[in-house]
Each structure stands twice: as C-alpha cells, then as structure tokens.
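Okay, structure first, notes after.
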2 protein chains.
Amino acid sequence: MSDQLFLDNQYCFSLYSAANAVTRAYRPLLKELDLTYPQYLVMLVLWQHGRQRVSDLGNALYLDSGTLTPLLKRLELKNLIERTRSKEDERARDINLTQRGVELQQQAMDIPSTLACSITLSREELDQLKQLCNKLL
Amino acid sequence: MSDQLFLDNQYCFSLYSAANAVTRAYRPLLKELDLTYPQYLVMLVLWQHGRQRVSDLGNALYLDSGTLTPLLKRLELKNLIERTRSKEDERARDINLTQRGVELQQQAMDIPSTLACSITLSREELDQLKQLCNKLL
DNA sequence: TGATATTGTATTGTGTACAATATAATTTTA
DNA sequence: TAAAATTATATTGTACACAATACAATATCA
C-alpha cells in the first residue's frame, strides 16, 4: 500500500531531481555569461530563430507569460534583447536580440562541450533519455 | 556551430520540460490534498520512514535548508507535521507527522495509480527513464 | 457597425530552488 | 577548559513556475 506510494515516487522523483541537478550543473558555466538556465534557453531560441513573440517563446519552451514576462524584462535590463510592440498586432511583443545579445553567442559556444564532460551518460543513453522525456511531454 | 548549441539544448531541455510537465500533472491531484509536489515528496519520506531531521529530508530529496525550512513551516501551518527540537542535539529539528499528517496518507493512496493512467510510458520505459536519471545524478 | 468574444501580454500571489550568509549548539584541540 | 572549528538549521535575496486575473487590441458576427 505505502509500497505503491513509494514506487510511484521513484519515477517522477528521479526526473524531478535530475532536472534540478542539470540546472545546478549549468549554473557555474552560465554565471560567466550572467545568465540563468531558463534565460539561456530563451537565448538559444533567439540565436537560432531570431525575432520571436512572447507566445512563440512560450510554445517553444512550454512556459507561460507569467514566467516569461519578468524573465524577458531581466534580459532587457542586461541589454541582451529589446521588447518592442509588433507592427502587425499592437497586443504582441516582438523580442529581438540586441548587438550585445547576438555577440553573447560567441561566449556560449563552449558551454555544450564543457557540460558534456561533466555528464556521465553516453550519447546513446542521452538520446534514449531525450526520447523518453519527449514521449512523456 | 550554433548547431552545437542547439543539439545540447535538446537533451537537458527535454529533461527540464518533462520535469515541469510532471509537476503540472500532479498539481490537480495534489490540490485535493492541499499539497504541492515538493510537499508531497516530503510527506512520502515521512510516511515511509517516520521522524526525520531537516538534513535527513535534504539528503533524501536533494534539497537544502533554504528550500526545506519554509516548506516545512507551511506543512506545520497545515497541521500535518510538528517541528520540535531534537533532544540529543539542540541544533537539529525533529520533523514528525501529526495525527492529521498520518491520516492524510489514506487520501494519497489513489494518486500513484491515477497518475499512471495519464502517463503514456510503459513500465519498461519508466524503469529505463528512472535508471538514466539516477545515473545522471 | 456596435456588442461580444477572442487573443496576446502583463500583473498578482503563492511556492519552490538555491547561493550566500547568519546564528546557535556542539565538538575539537591547543 | 577556553578558543577555534564544525555542524544544523534559519534567513535573505534573486529568479523561476504557474494559477488566476486583468486589460487592451483585434476579430467576429448579428
């Protein structure tokens, strides 16, 4: 009976702890760029796809405006992005990289390989993990 | 080059999003018990092992006192636990279930099976996911 | 076209996470 | 045994997550 409560725990708790551990692993690397992990994710989307609306970022990252609005304001304060009103739809915000935001990508280049070194999983295991997580979503 | 930044993203981002999705899935179920997911995790440890110190809970859940102290105070306000000083060591807190805390386990019995229904992974996939997450930790 | 509904963000409030620091009790050691 | 180090928890400050709500711009339709 409490058995059930314990077993179930294992699956989701592992996921929860591993996700916390990942953002902990990123923290020291991202600190050099003065970014948090969710801020880094936003920058990744912008580096790859350019101008995005808040809703585009929300769809890409599975986050809502309550999370993104203050996060984007912090990126704006750091002069990494601009938040302008869309010309087509005055309700929407266009999120654009500033020059400084574009340039930051250079500094981020080393992060993936550095992080890979501190991870004990093989490429195959990482692929498997990714697939399972995506199936769960 | 930005390729690298994108690929890396996939692995850790999947984990991060899946973990968020899991706490979202738990939310409506736990709302009936007036618990959050991390509060539920604390209760699971207490239901299974009884009296714990803050540091025991921290070790079990990979969380520190900055997270646990306010969380435990909320559980205390809800009359689910007591936070007494340890007799052996006055620095330590003994976290004990109240009668109401013990009784809440009955109401939690259905959660694992209910949640399992809303998850699309097979038992084998869940086992695999758990193993990979634990290896990552 | 004017009322109604929808859409895109923003705001508010609650609850984590965690670094950095503080504080008090216990242990160690000179 | 008194000072120094260690240990256990608490506090402070910053930054997510997200539900609930608000609000203004746009779209729909009677």
Side-chain angles (χ1 to χ4, degrees), chain A residues 13 16-31 33-43 51-59 61-78 80-81 83-95, chain B residues 13 16-43 52-59 61-78 80-81 83-95:
Chain A
F13 170 57
Y16 162 84
S17 299
N20 282 344
V22 161
T23 73
R24 262 196 302 273
Y26 268 103
R27 209 182 307 271
L29 305 184
L30 291 175
K31 190 171 188 178
L33 313 198
D34 189 25
L35 290 178
T36 64
Y37 184 64
Q39 288 170 11
Y40 173 66
L41 291 177
V42 167
M43 294 302 285
R51 186 178 68 235
Q52 300 279 298
R53 292 185 174 180
V54 174
S55 55
D56 297 328
L57 293 170
N59 290 332
L61 302 173
Y62 306 102
L63 295 172
D64 73 2
S65 70
T67 301
L68 287 172
T69 296
L71 187 158
L72 293 170
K73 285 182 178 174
R74 283 188 280 274
L75 289 180
E76 189 181 36
L77 272 178
K78 297 184 211 180
L80 297 174
I81 63 163
R83 306 184 321 123
T84 57
R85 287 286 171 197
S86 166
K87 275 170 188 164
E88 299 100 51
D89 186 338
E90 280 283 319
R91 292 168 303 181
R93 288 272 191 190
D94 280 340
I95 308 299
Chain B
F13 169 57
Y16 162 83
S17 299
N20 282 342
V22 160
T23 74
R24 262 197 299 273
Y26 268 103
R27 208 182 307 272
L29 304 184
L30 292 175
K31 190 169 188 181
E32 297 182 30
L33 314 199
D34 190 25
L35 290 177
T36 64
Y37 184 63
Q39 289 170 9
Y40 172 67
L41 292 177
V42 167
M43 295 301 285
Q52 300 279 297
R53 291 184 175 180
V54 175
S55 56
D56 297 328
L57 293 171
N59 290 332
L61 301 174
Y62 307 102
L63 296 172
D64 73 1
S65 69
T67 302
L68 286 173
T69 297
L71 186 157
L72 293 169
K73 286 184 178 173
R74 278 179 215 108
L75 290 179
E76 189 180 36
L77 272 177
K78 295 184 211 180
L80 297 174
I81 63 164
R83 305 182 324 124
T84 57
R85 288 284 170 198
S86 167
K87 276 170 188 166
E88 299 100 55
D89 187 339
E90 280 283 321
R91 292 169 302 181
R93 287 272 191 191
D94 280 340
I95 308 299

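First the proteins, then the strands, lettered A, B, ... as listed; each starts at 1.
For the OP1/OP2 pair of D:dC16 and a distance below 4.0 Å, the side-chain nitrogens and oxygens of A:Q39 include at least one atom meeting the criterion. For the pair A:R83 and C:dA10, the criterion of a side-chain N or O lying under 4.0 Å from OP1 or OP2 is met.
Residues B:R93 and A:E90 both approach DNA chain D. Their nearest nucleotides, taken by heavy-atom distance, put B:R93 toward the 5′ side. Nucleotides of DNA chain C nearest to B:T36 and A:R53 differ in position, and the one nearer the 5' end is that of A:R53. Of the residues near DNA chain C, A:K31 and B:T67, the one whose nearest nucleotide (by heavy atom distance) lies more toward the 5' end is B:T67. Residues A:K78 and B:A21 each lie close to DNA chain D; by heavy-atom proximity, the contact nearer the 5' end of the strand is made by A:K78.
Heavy-atom contacts from other residues, nucleotides or ligands closer than 6.0 Å to CZ of B:R83 number more than 12.
Across all strands, A:L68 comes closer than 4.0 Å to no nucleic acid atom at all (heavy-atom distances). Among the heavy atoms of the strands lying under 4.0 Å from A:D89 are primed sugar atoms or P, OP1, OP2 only; no base atom is included. Among the protein residues, A:L63 comes within range of the sugar-phosphate backbone only, with heavy atoms under 4.0 Å from sugar or phosphate atoms but none that close to a base.
Atom CG in B:L75 sits about 17 Å away from atom P in C:dT14, given to the nearest Å. The distance between atom CG of A:L57 and atom C1' of D:dC16, rounded to the nearest whole Å, is 15 Å.
Under the 30°/60° scheme for interplanar angles, the aromatic rings of A:Y37 and A:Y26 are found to be tilted.
Exactly one of B:L30, B:L29, B:T23 qualifies for a side-chain contact (heavy atoms from CB on, under 4.5 Å) with B:Y40. That residue is B:L30.
Side-chain atoms of B:R91 come within donor-acceptor range of the base of D:dT7, with a qualifying N/O pair under 3.5 Å. At a cut-off of 3.5 angstrom, the base of D:dA10 holds at least one donor-acceptor pair with the side chain of B:S65.
Candidate nucleotides D:dA10, D:dA19, C:dT16 were compared by shortest atom distance to the side chain of B:R27, and D:dA19 ranks first.
In this structure, the side chain of B:D56 does not engage the main chain of B:N59 through any donor-acceptor pair within 3.5 Å.
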